[in-house]
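Read through the structure below, which is laid out as structure tokens, and then see the notes.
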Amino acid sequence: MSDKLKIGVILSSTRKGRMAEVVHDWFALKTREREDMAFGLLDLREANLPFFDEDAPPAAKTPEHAAARAWEEAIQGYDGFIVLTCEYNHSISAALKNAFDYGYRGWVRKPLGAVGYGGVGAARAVEHLRLIGVNFGMVPVAGAVHIGGADFMTLSKTRDPQSLGDHLDKSLGALLDDIAWWGKITKAARA
Ligand SMILES: Cc1cc2nc3c(=O)[nH]c(=O)nc-3n(C[C@H](O)[C@H](O)[C@H](O)COP(=O)(O)O)c2cc1C
């Protein structure tokens with residue numbers, strides 16, 4: 001059995017023409033030689049979660065919607081998460097918040113990191129995301145990537161992950177190292 005950490009990569013935008021897919025292409029390109037982690041895609045568009053309408057929080061009761069049960073089961077299979085987060089009105093997308101609200105067991109005591117993209121690299125959304133993670137007993141890590149300003153404009157225009165060059169590699173490496181460090185420790189502790 002592989003001892004690689006399983007890391008869920010969450011696409012936080014569900015809209016038509018989303019940049020999320022381009023950011024994911026960049027992430028996949030840059031992580032393909034990372035051997036200590038196996039990345040799995042968690043696409044909120046595919047998860048197709050209804051807007052939260054359960055009669056109890058998932059911490060108290062397993063959700064009834066089939067899509068929500070499938071989501072909770074999917075996230076339980078991971079040792080940590082990296083969210084490719086957009087920024088909508090200075091916070092995370094409603095779809096991402098809804099996906100967090102629908103989970104519980106799958107989030108608890110696992111590392112949480114982010115690649116933010118947008119005008120300011122989704123800096124405000126990443127901070128909000130960290131606070132939400134704390135509520136689940138997650139470990140929001142210090143390392144993060146912010147694809148902002150000219151980088152975000154270039155990527156939006158070209159939609160080509162190669163167009164970003166390599167100057168974000170260092171911050172991506174720091175994020176991955178943090179996720180690996182906390183991922184190993186929290187996996188052992190949960191066991
Ligand atoms: C509803 C909405 C709100 C937005 N608010 C912000 C914002 O607060 N800060 C920002 O930098 N960009 C904002 N933007 C622009 C997004 O950064 C940009 O559209 C980005 O491509 C969104 O990610 P997506 O394409 O994967 O959905 C907003 C876009 C939308 C659709």
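One-based numbering, in listed order, for ligands and for the atoms of each.
Between Ser93 and Arg15, the side chains place no donor N or O within less than 3.5 Å of an acceptor N or O (distance only, hydrogens not considered).
Scanning all protein heavy atoms for the shortest distance to atom 18 (C) of ligand 1 gives Phe152 CZ, 4.0 Å. With respect to atom 19 (O) of ligand 1, the closest heavy atom belonging to the protein is Arg15 NH2, 3.9 Å. Closest to atom 5 (N) of ligand 1 among all protein heavy atoms lies Asn89 N, 2.8 Å. In this structure, atom 26 (O) of ligand 1 lies nearest to the protein heavy atom Tyr117 OH, 2.6 Å. Nearest protein heavy-atom neighbour of atom 2 (C) of ligand 1: Tyr88 CD2, 3.7 Å.
A heavy-atom distance below 4.5 Å is found between the side chains of Leu96 and Ile10. In this structure the side chain of Val83 reaches within 4.5 angstrom of the side chain of Leu129, judged on heavy atoms. For the pair Arg109 and Met138, the minimum side-chain heavy-atom distance is 4.5 Å or more.
Counted within 6.0 Å of CZ on Phe100, heavy atoms from surrounding residues, nucleotides or ligands total more than 12; the atom is thus considered enclosed.
For ligand 1 and Cys86, the ligand atoms under 4.0 Å from any heavy atom of the residue are 22 (C), 23 (O). Interface of Met19 with ligand 1, defined as ligand atoms under 4.0 Å from a residue heavy atom, comprises 21 (O), 24 (P), 25 (O), 26 (O). In summary, the atoms of ligand 1 found under 4.0 Å from a heavy atom of Ser13, numbered by their order in the structure, are 24 (P), 26 (O), 27 (O). Within the listing of ligand 1, atoms 11 (O) sit less than 4.0 angstrom from a heavy atom of Gly119.
Counting only distance, with no hydrogens or angles, the side chain of Trp71 and the backbone of Ala99 share a donor-acceptor pair below 3.5 Å.
Remark: ligand 1 and Arg18 share no N or O pair separated by less than 3.5 Å (distance only, no angle test). Between Gly17 and ligand 1, a contact under 3.5 Å exists for no N or O pair. Between Gly118 and ligand 1, no N or O atom pair is found at a separation short of 3.5 Å.
Looking at His90, Glu87, Lys16 and measuring to atom 14 (N) of ligand 1, the nearest heavy atom belongs to Glu87.
With sequence neighbours excluded, the residues forming a side-chain contact (heavy atoms from CB on, under 4.5 Å) with Asp36 are Arg34, Ala180, listed by chain and number.
Between Glu21 and Arg45 there is a salt bridge, since at least one side-chain N of the basic residue sits less than 4.0 Å from a carboxylate O of the acidic one. No salt bridge links Lys30 with Glu33; every basic N to acidic carboxylate O contact stays at or beyond 4.0 Å.
Counting only residues at least two apart or on different chains, no ring-ring contact (aromatic ring centres under 6.0 Å, His included) pair has a member in residues 145-167.
Residue-ligand proximity: Arg124 is placed with a non-hydrogen atom under 4.0 Å from ligand 1.
Contacts between Ala20 and ligand 1, counted as non-hydrogen atom pairs separated by less than 4.0 Å, involve both the backbone and the side chain.
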